[in-house]
Amino acid sequence: MIKVGLILGIAGACRTDELVNLTVDDIEDVGSSLITKIPRIFVVTDVGNMLELFRKIPVPSSSPRQAFFAFCKHFLYYKAGKCSSQPVGKNTMGKIPSVVASYLKLPDVACYTGHCLRRSSATLLADAGVDITTIKRHAGWKSTTVAKGYVENSIENKTKIANRVLVGTTISAITKTVN
């Protein structure tokens with residue numbers, strides 16, 4: 001559940017409640033990728049065999065999930081290898097980033113909340129050189145200001161900007177400007 005939640009959350013810049021409300025009908029397996037609707041549409045490709053994790057989750061027609069839910073939430077609790085009738089809640093979903101941070105032995109684990117999934121997605125896109133319009137469209141933001149707020153503290157992005165400022169500039173030109 002943690003791995004799948006992390007992949008979906010970052011791939012789709014998902015809010016915690018979007019992951020909680022995700023149903024099995026919201027994800028379409030088209031072979032080489034998954035098309036997910038939350039209602040934004042995003043795609044998860046098979047980079048690093050990620051789709052294998054999704055395909056391990058039983059689908060309603062072949063599992064006890066169908067007996068429990070007519071609406072078939074995607075994330076259900078499994079305990080001792082058995083499917084529970086209880087869907088994963090917002091608080092549990094929101095703890096995924098802190099569980100991952102703990103596993104990675106990062107400091108201040110409690111600071112990692114469900115919102116980190118959206119922020120990480122936006123920052124990764126910005127670091128890859130994606131324009132702000134594409135980031136807004138991907139995450140479902142209407143405001144450029146809000147979208148920029150998610151990526152402004154990216155060290156990698158700031159390093160790229162610094163390198164662009166200095167490209168083609170000689171030390172003598174910098175010295176003349178400073179003097």
Side-chain angles (χ1 to χ4, degrees), residues 1-79 82-101 112-151 154:
M1 188 274 300
I2 291 171
K3 291 176 185 177
V4 172
L6 181 67
I7 293 167
L8 283 175
I10 291 177
C14 296
R15 296 173 181 91
T16 304
D17 61 321
E18 291 171 333
L19 291 172
V20 169
N21 293 323
L22 191 68
T23 68
V24 292
D25 294 333
D26 295 331
I27 300 175
E28 181 183 356
D29 189 340
V30 293
S32 62
S33 62
L34 299 173
I35 300 172
T36 308
K37 301 168 189 136
I38 58 170
R40 295 185 310 285
I41 295 174
F42 67 93
V43 176
V44 177
T45 59
D46 202 18
V47 176
N49 295 321
M50 288 187 209
L51 299 184
E52 187 179 323
L53 291 170
F54 290 92
R55 292 182 179 132
K56 286 182 180 178
I57 298 172
V59 292
S61 60
S62 64
S63 78
R65 292 168 71 115
Q66 188 175 25
F68 292 125
F69 293 107
F71 54 88
C72 296
K73 292 281 188 178
H74 187 272
F75 293 102
L76 297 176
Y77 279 108
Y78 280 80
K79 189 171 186 174
K82 294 185 180 183
C83 182
S84 166
S85 61
Q86 183 178 358
V88 172
K90 188 173 182 174
N91 291 333
T92 300
M93 194 63 69
K95 290 179 185 174
I96 288 176
S98 67
V99 170
V100 172
Y112 294 87
T113 66
H115 201 67
C116 291
L117 301 174
R118 279 177 74 74
R119 183 171 294 281
S120 295
S121 183
T123 301
L124 289 167
L125 286 172
D127 286 348
V130 174
D131 64 275
I132 198 69
T133 303
T134 303
I135 294 171
K136 282 172 43 179
R137 191 176 304 125
H138 177 68
W141 291 305
K142 293 180 180 157
S143 165
T144 299
T145 306
V146 170
K148 285 181 179 178
Y150 275 77
V151 297
S154 164

- [ ] Mind checking salt bridge (Lys or Arg N to Asp or Glu O under 4.0 Å) for R137 and listing every partner two or more places apart, or none if nothing turns up?
- [x] none
Task: Partners passing salt bridge (Lys or Arg N to Asp or Glu O under 4.0 Å) against D46 (at least two apart in sequence or in another chain) - done: none
Open item on the list: Under the ring-ring contact (aromatic ring centres under 6.0 Å, His included) definition, can you give me all pairs with a residue in residues 12-53, not counting sequence neighbours?
Closed with: none
- [ ] Mind jotting down which residue pairs meet the ring-ring contact (aromatic ring centres under 6.0 Å, His included) criterion with at least one end in residues 127-147? Sequence neighbours excluded, please.
- [x] W141-Y150
Task: side chain to side chain donor-acceptor pair (under 3.5 Å) partners of residues 31-43, not counting sequence neighbours, each pair once - done: E18-R40
Closest approach of [X] to [Y] (non-hydrogen atoms, all atoms of both residues):
X: A147; Y: K136; value: CB-CG, 3.5 Å
X: T16; Y: G114; value: OG1-CA, 3.6 Å
X: I135; Y: L125; value: CG1-CB, 3.9 Å
X: L19; Y: G5; value: CD1-O, 3.9 Å

TODO: Answer yes or no: is there a donor N or O on one side and an acceptor on the other, between the side chain of R118 and the main chain of C14, under 3.5 Å?
DONE: no
Nearest 0.5 Å please: distance from the [atom1] atom of [X] over to the [atom2] atom of [Y].
X: L8; Y: I38; atom1: CG; atom2: CD1; value: 8.5 Å
X: D29; Y: R55; atom1: CG; atom2: CZ; value: 4.0 Å
X: L51; Y: I7; atom1: CG; atom2: CD1; value: 8.5 Å
X: T92; Y: I2; atom1: OG1; atom2: CD1; value: 9.5 Å
X: I41; Y: E28; atom1: CD1; atom2: CD; value: 9.5 Å
X: F54; Y: L34; atom1: CZ; atom2: CG; value: 5.5 Å

side-chain hydrogen bond (donor to acceptor under 3.5 Å, both in side chains) involving [X] - partner list, sequence neighbours excluded:
X: D17; value: none
X: T134; value: D131
X: K95; value: none

Open item on the list: A side-chain contact here means heavy atoms from C-beta on lying under 4.5 Å apart; do V88 and V20 qualify?
Closed with: no
- [ ] Enumerate the residue pairs fulfilling salt bridge (Lys or Arg N to Asp or Glu O under 4.0 Å) with a member in residues 1-11, sequence neighbours excluded, ordered by first and then second residue.
- [x] none
